[in-house]
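Okay, so here's the structure we're looking at.
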Amino acid sequence: MAAVSAVWSRKFGNFGTLNSAFITLIPKKESADQPKDFRPISLVHSFAKLLTKLLANRLAARLQHLVSPNQSAFIKGRFIQDNFMLVQQTAKFLHRQKQPRILLKLDISKAFDSKSSVMPIRCDDSELMVVQNLLPCTLSEFPCKYLGLPLSLKKLTRAQVQPFIDRFADQLPNWKADMMTRAGRRVQVQFVLTGMLIYLFMASDLPAWAVKAIDKIRRGFLWRGRKDVPVQAQAFFAMATTSVVGNGAQTFFWTDRWLDGRSIEELAPRLFAVIPKRRIKQRTVQEALTNRTWISDIQGALDVGVLTDYLHLWDLLSGLQLQPEVEDRHIWKLSPNGHYSAKSAYEGFFLGATLFEPWKKIWKSWAPPKCRFFLCEKIKLHQSKVP
């Protein structure tokens, strides 16, 4: 308090030592040679931080009167999106005038290096040549990125929206999900990605398909599990899928259920056991039945059981003819129309299960998120063990 009082009384005699700091530059990339390529890290005396915070809090209430209304960012109650909306409406107005115009985008950090860009509006080739001779800037086209938002004269196409969806996906890479708890993923999704969405939606209107794609990325990051598909899930999908063979090009010979609704793994298990895994994953029905190539897949010792299954499979395949002009069909048995849907698969996992009613008491409780996730996982594990 004595130091604060000294500042208030403007007694700065020995403050030079308090205002000193150790600073180092951390390179952001390899071969960094420009000031912008470094991140400054400084160890400042705590008093300087406290004093700066006090001054900032006192000044915050007066910033509205001290800063011009043209500055729409970093002031409470003002929105940086106002600048974007002004530029976008101006560009669209100039486009409707059907007169040659240009939009000059200046990169302040590079303005003196002439690395800004020019975006022509209703300009022909001769006018573009004049612009290039007068302004040594890069010639760009709409849509462009302004303040991190898509600036366009027309409605954005699917191809133009996709890069923004990819940018959202880059914020939630799968390797981060593997290193975080579900509670941590929830915080990442709720605050990082939602903040980016709000910033984008306040200035532009994304199509419904883009919103669904971003939501899918959020759900996938939150609920991401192990990279390998569990054996139970593989068995579930094998049970729920049957194949009707046409030309055999899209059906796996050894694993798909295409012989009377059953797979060769089920019909001839002892023979299946001597087939190399790489052949199991690659051999299609079309390839296997051509010149009876499936026989060459059999390797290893052939005991009586293997020979019995071999003869049984030979009888099942005898007389079987492919239809070259007909595509294979894979039927999802859990949907009335035979087509797979995530909803039907999700509901299929709970066939015969008991509905857990008190779920609201868990998710709406005051407990920390990691405790809520843990409790739900324990309940799921307990229910899976109940006969």
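- Screening residues 297-307 for salt bridge (Lys or Arg N to Asp or Glu O under 4.0 Å) gives Arg279-Asp297, Arg283-Asp297 as the qualifying pairs, with residues at least two apart or on separate chains.
- In this structure, Glu325 places its CD atom where only 12 or fewer heavy-atom neighbours from other residues, nucleotides or ligands lie under 6.0 Å away.
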For this session: For the pair Ile275 and Ile298, evaluate side chain to side chain contact (heavy atoms under 4.5 Å, CB included) and give the outcome as yes or no after the intermediate values.
Result: CA-CA 5 Å; Ile275 307 299; Ile298 303 174; 3.9 Å; yes
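- Look at Asp215 and Arg218 and you find a salt bridge, because one of the NZ, NE, NH1 or NH2 atoms lies within 4.0 Å of a carboxylate O, short of that distance.
- Within a 6.0 Å radius of CZ in Phe201, other residues, nucleotides and ligands contribute more than 12 heavy atoms.
- The distance from atom CG of Leu313 to atom OG1 of Thr308, rounded to the nearest 0.5 Å, is 12.5 Å.
- Applying side chain to side chain contact (heavy atoms under 4.5 Å, CB included) to Thr251 and the options Thr284, Val244, Asp328 leaves one that passes, Asp328.
- Met85 CE to Thr90 OG1: the interatomic distance, rounded to the nearest 0.5 Å, is 10.5 Å.
- Linking ILVMFWY residues whenever their side-chain heavy atoms come closer than 4.5 Å, directly or via other members, places Leu153 and Leu147 in the same cluster.
- Inter-residue side-chain proximity for Leu334 and Glu347 is flagged as unmet; no heavy-atom pair is nearer than 4.5 Å.
- With rounding to the nearest 0.5 angstrom, the CD atom of Gln250 is 6.0 Å from the NE2 atom of His330.
- For CG of Asn291, the number of neighbouring non-hydrogen atoms (other residues, nucleotides, ligands) closer than 6.0 Å is 12 at most.
- Panel note: side chain Trp332, backbone Ala240; no donor-acceptor pair is recorded below 3.5 Å.
- Going from atom NZ of Lys92 over to atom CZ of Phe142 covers 11.0 Å, rounded to the nearest 0.5 Å.
- Using a 4.5 Å heavy-atom threshold, the side chains of Phe272 and Leu267 count as separate.
- Counting heavy atoms from C-beta on, the side chains of Cys123 and Val131 never come closer than 4.5 Å.
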For this session: May I have the step-by-step check of side chain to side chain contact (heavy atoms under 4.5 Å, CB included) for Lys28 and Asp37, ending in yes or no?
Result: CA-CA 6 Å; Lys28 299 179 182 178; Asp37 298 333; 5.5 Å; no
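- The backbone N or O of His95 sits less than 3.5 Å from a side-chain atom of Arg122, completing a donor-acceptor pair.
- Cluster annotation: Val285 and Phe252 are assigned to distinct hydrophobic clusters (Ile/Leu/Val/Met/Phe/Trp/Tyr, side-chain heavy-atom contacts under 4.5 Å, transitive).
- Other residues, nucleotides and ligands place more than 12 heavy atoms under 6.0 Å from the CE atom of Met239.
- Proximity of Leu320 to Val245: side-chain heavy atoms (C-beta onward) are nowhere separated by under 4.5 Å.
- A heavy-atom distance below 4.5 Å is found between the side chains of Trp314 and Arg292.
- In this view, Pro336 satisfies the side chain to side chain contact (heavy atoms under 4.5 Å, CB included) rule with no residue, not counting sequence neighbours.
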